[in-house]
Amino acid sequence: MVGSPTAVEHVERTGGIQIDVPAQPGYLALVRMLVHTLAQRRDLDDERIEDLVLAVSEACGWVVGSRLTTDSPRPVQVRWSESEDGCVIEVTDTTSHDGDAPSVPAPDEVELPPDPGRAALEGELSLPLVLALVDEVTSSAGPNGSSVHITVNCGPWDGQPST
Amino acid sequence: MVGSPTAVEHVERTGGIQIDVPAQPGYLALVRMLVHTLAQRRDLDDERIEDLVLAVSEACGWVVGSRLTTDSPRPVQVRWSESEDGCVIEVTDTTSHDGDAPSVPAPDEVELPPDPGRAALEGELSLPLVLALVDEVTSSAGPNGSSVHITVNCGPWDGQPST
Amino acid sequence: MDLGLDATERNGFVVLAVRGEVDVYTAPRLRERLVEMVSQGHHQVVVDLEGVDFLDSTGLGVLVGGLKRLRSHEGDLTLVCTQRRILKVFEITGLTKVFQIFEDVDAATVVASSE
Amino acid sequence: MDLGLDATERNGFVVLAVRGEVDVYTAPRLRERLVEMVSQGHHQVVVDLEGVDFLDSTGLGVLVGGLKRLRSHEGDLTLVCTQRRILKVFEITGLTKVFQIFEDVDAATVVASSE
Ligand SMILES: Nc1ncnc2c1ncn2[C@@H]1O[C@H](COP(=O)(O)OP(=O)(O)O)[C@@H](O)[C@H]1O
Ligand SMILES: Nc1ncnc2c1ncn2[C@@H]1O[C@H](COP(=O)(O)OP(=O)(O)O)[C@@H](O)[C@H]1O
């Protein structure tokens, strides 16, 4: 795990926030609440905040879903970073190995399933939904696990939370 | 940092939750919200939940207060762990060095300041307040920083959040 | 964390009012309830989403699953929803073409030729 | 994150209604407001805590600071508070002996011999 960015390093680098929760369905609501609270402090209207919260929740669901068969105790890691013109939420599956980036197609390559009913039953609506809700979705793999990065463009702080 | 328990290891070991936030006053509200939400899922009445939230917020304030002069970017780490008979919240100052445990006297050694007005002005009410609000307060030092451990005794889950 | 599920009868329909958050954690409870209703012989089901604060793709899957099961019993599952945040999820995914969505329970429970 | 501070006059008192959370982040705003009021010549101040959701030891320090400053001007700072969660903090720390705490603004603004 040499070079693995720890929570401490993440916050130092970005001034951001990291939360680690068990990869279990019951913790998604907690992540949503956190993202909601953090997003409210940016120049985002209610609808865009709810879109972002849903997108992050879906991405956490991918990790939780992939665990239902493995029973691994490794957490889902959610990192919130922000800059003047946007926020990036990184959802990391800490069981994945180096080089194991989840493949997130470019939004224009994702077509709405021709049969949304069948797609809903097969759990295939999640990715198109996320891509429609936020400004950018990318993925990466690192020593820490494989991550989905969700970006929402928005104005700066409405009120700086620092001293 | 060999042996430093990372967020991932913490969650694996305990099934608990870790959040890392910048050591700045504006983030205490976020930590309080998180602790409030987590505590609500235990068998604790509103008053004890609020006592716990205040205690954790005070402990985070100690770390934030100690930073106002140093401007270190290292975060405050809050870890939530729980068992059948209680919850432990660990507040870690990640700038402290090994062997640097904050000294938390035993509750019965802490006397209420004879002049609470003067004590309030000098910021000396925080520790007696925390000791009065929760069931146990201890401290420790490790490679990760110095920590205050706040324990509240309470019954098990009211509704398990796992699958 | 809470999911409220309240069923009432109206004009031969069963109206299931859902409250709270429908997500990976709570959707199985909604699925069980729908399965139970079908097995009790209720084949005209209205799911009232007006009290729902959050609905994710797992919830969509459960609703479509209920619809499919009911249609195989010559029944139907319709929705009541006017909340923009929730409607949006149906719109994005194309499920507005799959479900009949009503403005209120009155409109959803008008007796029509249902067999 | 929000701290509401609304000042109104009543019977020669200034009543400062505080809403929201008083913590390490927001307490400086309360302190500034109290300092400002003193410098404007308002020496009989009632701080109404009924709308406060959270008060930490920093908030206590600011209130005692205000009291001290006002007393040095022959004034006073009293509190309105009936919320158990907030009163408890004053009780634990012994500050119930330092502040006069009233049940409502009416009781706090009864004109008495104040000089
Ligand atoms: N780690 C991931 N990164 C990006 N997309 C993913 C990831 N895991 C799943 N997806 C996408 O999410 C959708 C649902 O995933 P799936 O594995 O079918 O989950 P489930 O069947 O448990 O709902 C699919 O469209 C899939 O492409
Ligand atoms: N890391 C710590 N662990 C335990 N107690 C602490 C710690 N830091 C401060 N305290 C206690 O908290 C109270 C307030 O701390 P202090 O350093 O005076 O903070 P400030 O002056 O910034 O409010 C004191 O009673 C002190 O003993």
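FYI, side chains are in, hydrogens and waters are out, and symmetry mates aren't considered; it's all heavy atoms of this structure. Note that the structure is predicted; figures quoted are calculated from it, not measured. Residue numbers begin at 1 in each chain, while the letters A, B, ... track the order of the sequences.
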### Task
With a 4.5 angstrom heavy-atom cut-off, could you sort out which part of D51(A) is near chain C: side chain, backbone, both or neither?
side chain
### Message
Quick check on R118(A) against chain C: is it the side chain, the backbone, both or neither that has a heavy atom closer than 4.5 Å?
### Response
neither
### Query
Closest approach of I150(A) and A55(A), non-hydrogen atoms and distance?
CD1-O, 3.7 Å
### Message
If you define the side chain from C-beta out and look only at heavy atoms, does anything of L16(C) sit under 4.5 Å from V46(C)?
### Response
no
### Message
With a 6.0 Å cut-off (strictly less than), is the heavy-atom count around CZ of R69(C), excluding the residue itself, greater than 12?
### Response
no
### Query
Side-chain donor-acceptor pair under 3.5 Å between Q77(A) and T94(A), yes or no?
no
### Message
Please classify the contact between L55(C) and chain A as side chain, backbone, both or neither, with a heavy-atom cut-off of under 4.5 Å.
### Response
backbone
